[in-house]
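Owing to the predicted nature of the structure, the values given are computational and were not obtained by experimental measurement. Order of listing sets the numbers, starting from 1, for every ligand and every atom in it. Values reported hereafter were calculated over all heavy atoms of this structure, with side chains retained and with hydrogens, waters and symmetry mates removed.
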Amino acid sequence: MQIMTDLPTRAIGKIRIRVAVDRCVGHARCAAVAPDVFVLDDEGYNRTAEKVIGAELRESALRGQRACPERIITVEDLPD
Ligand code: F3S
């Protein structure tokens, strides 16, 4: 049996992403760096206030969070 020691921590479980959508000004950088997590509307705004996704997308979510100049994205690990 192979032991997978190079897996990132918290690779299993769920994370919650929250976006203060009323403060989104459409920089679109979240979706540019993490299109697997962040989706914009037809006008380029992030209108997804909250969603829960698998923790395998955690690094992508954090990349999108860091990319937003408005600092309106939070990423939270959910209890197993
Ligand atoms: Fe909005 Fe920030 Fe993304 S301003 S479109 S949440 S980079």
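Considering all non-hydrogen atoms of both residues, F38 and G64 come closest at CE1-CA, 3.6 Å.
The ligand atoms of ligand 1 that sit less than 4.0 angstrom from a heavy atom of I72 are 6 (S). Taking a cut-off of under 4.0 Å to the non-hydrogen atoms of V25, the atoms of ligand 1 that pass are 4 (S). The atoms of ligand 1 that sit less than 4.0 Å from any heavy atom of C30 are 3 (Fe), 5 (S), 6 (S), 7 (S).
Judged by the shortest distance from any of its heavy atoms, A28 lies inside the 4.0 Å radius around the atoms of ligand 1.
For E50, the CD atom counts as densely surrounded, since its 6.0 Å shell holds more than 12 non-hydrogen atoms of other residues, nucleotides or ligands.
Looking at atom 1 (Fe) of ligand 1, its nearest protein heavy atom turns out to be C24 SG, 2.4 Å.
The pair R23-E70 does not meet the salt-bridge criterion, since no charged nitrogen lies less than 4.0 angstrom from a carboxylate oxygen. A salt bridge between K14 and D80 is absent, with no side-chain N of the basic residue lying under 4.0 Å from a carboxylate O of the acidic one.
Because the distance cut-off is set at 2.8 Å, C68 fails to qualify as a neighbour of atom 3 (Fe) of ligand 1, as none of its N, O or S atoms comes that close.
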Steps toward salt bridge (Lys or Arg N to Asp or Glu O under 4.0 Å) verdict (R16, D77): CA-CA 6 Å; R16 178 186 289 127; D77 285 308; over 6 Å; no
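Here E70 has side-chain heavy atoms under 4.0 Å from ligand 1, and that is the only part of it that gets that close.
Judged by distance alone, the side chain of R63 and the main-chain N or O of A34 form no donor-acceptor pair under 3.5 Å.
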